[in-house]
Enquirer: 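Next up is a structure, given as C-alpha cells.
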Amino acid sequence: NMSGSEMGFRPFDPESSFFSYPTSLHIEEVSASIVRSHRETTQYRPEELQALRWKVFSREEIHTYQSKSVDEMWQHCAVRLTDAVQYVVEFAKRIPGFRQLCQNDQIALLKSGSMEVVLVRMSRMFNTENNTVFFDGKFAGTELFKSLSCGDLIAAVFDFAHNLCALRLTEQQMAVFTALVLLNADRPCLEDRERVQRVRRDVELALSHILLRDNQESLLHKLYQRVPVLKSLCALHMEKLRWFRQLYPLTVHSLFPPLYKELFGSDTDIQTLTTH
Ligand SMILES: CC(C)CCC(=O)N[C@H](Cc1ccc(NC(=O)CCc2ccc(Cl)cc2)cc1)C(=O)N1CCC(C)CC1
C-alpha cells in the first residue's frame, strides 16, 4: 500500500505555507460575493439589455446627436462616463478585502482602474450583429458620435467592445475578471503593494476556479491578452481628454461632473470618490 506522502497527504506542519493557502470554500465565498456585487452595480441585467437589443436610434435621432457641438457632445458623454464610473466605484467597495486596503491605495486603484472596468463592462451592452453600443436608452452605431470629433477613439472603443463581446463571458466570469482588473498591484502610487497582491491572489484563484468549472480554461489566456489593449484604450481616452481640455477649458472646468475631474484630472483632491 502507498505511504501517506504518496497518497498526497501531508504530515500536520502548522509552520508550512499550506495552512495559509485559502480553502476552496473561502474561494467559493470570494467569487459568490464578487458576482453578487457585480449584479448589484451593473445598472442593467443581461436579460434587460437583450430585450432592448433592437431598439436603435432613428435617422432623425442620430441627426440630432450629430448636430450637437463638439463641447456639447463631449459634455454629454462625460456625464454618461461618470455615471458608469460611479457604479464601478460601488462595485470596487464591495470586493472582499478592498475596503481593508488603506484609503490611498483604494483611490489609486480606482483612479487607474475604473475606466478600464467601464470599458470591459461596455462589452455587455454591445450588439455584435449591428455593431451598436447601448447609449441613452437605445443602441447606437459609431456614426452617432461623429460630433465628438475623435473618430479614431470611438472606432477603438467599438473594436474593443466587439472583441470582448465575442468571447461571450458569463456574468460570473465578467464579475471576477473586472475585480482582477481593479486589483492590480502594479498600479502607480500604491503604498502597500503586497497587501493588494494578497487580496488579488484570492480573486485570481476565484477566476481560475470559475473557468475550470465552466470548462473554459483557454479563456484565461484570452482575457489576459486583452489587458494591454485595455490600457492603450484608456491612454487614448486620456490623450483625447487633454486635447479637448485645451480647446474647451471652461467646459471641463465648470460643466464636467466633479467625479470626472478627480478621476481623470491631475488634481488630487478626491472627495466624491471616498464620501458617497
Ligand atoms: C447604462 C449603462 C449600462 C451604460 C454604461 C456605459 O458603459 N456607458 C458608456 C460610458 C462611456 C462614455 C463615454 C466613453 N468614451 C467616449 O465617449 C470617447 C470620447 C470621450 C472621452 C472622454 C469624455 Cl469625458 C467624453 C468623451 C466611454 C464610455 C457610454 O455611455 N458609452 C459607450 C461608449 C461610447 C463611445 C459612448 C457612450
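For the single chain, residues carry numbers from 1 onward in sequence order. Everything numeric here is computed off the predicted structure, so don't read it as measured data. Counting starts at 1 for both ligands and their atoms, following the listed order. Side chains included, hydrogens not; waters and symmetry mates left out as well; all remaining heavy atoms used.
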Enquirer: Is it the side chain (CB and beyond), the backbone, both or neither of A84 that lies under 4.0 Å from ligand 1, heavy atoms counted?
Expert: side chain
Enquirer: Which residue and atom name correspond to the protein heavy atom nearest atom 28 (C) of ligand 1, and how close is it?
Expert: L81 CD1, 3.7 Å
Enquirer: Are F158 and F126, when compared by the centres of their aromatic rings, separated by less than 6.0 Å?
Expert: yes
Enquirer: Does a salt bridge link R198 with E194, judged by any charged N lying under 4.0 Å from a carboxylate O?
Expert: no
Enquirer: What's the shortest heavy-atom distance between Q75 and F256, and which atoms?
Expert: CA-CE1, 3.8 Å
Enquirer: Using 4.0 Å as the upper bound for N to carboxylate O, is an ion pair formed by K231 and E116?
Expert: yes
Enquirer: Given M125, K240, R121, identify the one with the heavy atom nearest to atom 7 (O) of ligand 1.
Expert: M125
Enquirer: Quick test: of every protein heavy atom, which one is nearest to atom 17 (O) of ligand 1, and how far off is it to 0.1 Å?
Expert: C77 CB, 3.6 Å
Enquirer: Quick one: which of N131, N127, T128 gives a side-chain hydrogen bond (donor to acceptor under 3.5 Å, both in side chains) with H162?
Expert: N131
Enquirer: Tell me which protein heavy atom sits closest to atom 9 (C) of ligand 1, plus the residue, atom name and distance to 0.1 Å.
Expert: M122 SD, 4.3 Å
Enquirer: With heavy atoms under 4.0 Å as the rule, classify the contact between F145 and ligand 1 as side chain, backbone, both or neither.
Expert: side chain
Enquirer: Between S37 and E40, is any side-chain donor less than 3.5 angstrom from a side-chain acceptor?
Expert: no
Enquirer: With a cut-off of 4.0 Å, which atoms of ligand 1 are near a heavy atom of A78?
Expert: 24 (Cl), 25 (C)
Enquirer: Would you say H26 has more than 12 foreign heavy atoms packed within less than 6.0 Å of its NE2?
Expert: yes
Enquirer: Can you classify the ring geometry of F135 versus H76 as parallel (below 30°), tilted (30 to 60°) or perpendicular (above 60°)?
Expert: perpendicular
Enquirer: Closest non-hydrogen protein atom to atom 22 (C) of ligand 1, residue and atom name please, with distance?
Expert: Y260 OH, 3.3 Å
Enquirer: Once you restrict to heavy atoms under 4.0 Å, what part of L153 touches ligand 1? Side chain, backbone, both or neither.
Expert: side chain
Enquirer: I need the nearest protein heavy-atom contact for atom 27 (C) of ligand 1: residue, atom name and distance, please.
Expert: H237 NE2, 3.7 Å
Enquirer: Applying a heavy-atom cut-off of 4.0 Å, say which part of I154 lies close to ligand 1: side chain, backbone, both or neither.
Expert: side chain
Enquirer: Counting non-hydrogen protein atoms only, what is the nearest one to atom 30 (O) of ligand 1? Give residue, atom name and distance.
Expert: R80 CB, 3.3 Å
Enquirer: Tell me which part of F135 gets within contact of ligand 1: side chain, backbone, both or neither, using heavy atoms under 4.0 Å.
Expert: side chain
Enquirer: Under 4.0 Å from any heavy atom of Y44, which atoms of ligand 1 are there?
Expert: 1 (C), 3 (C)
Enquirer: Do Q172 and H38 meet the criterion of a side-chain donor-acceptor pair at a distance under 3.5 Å?
Expert: no
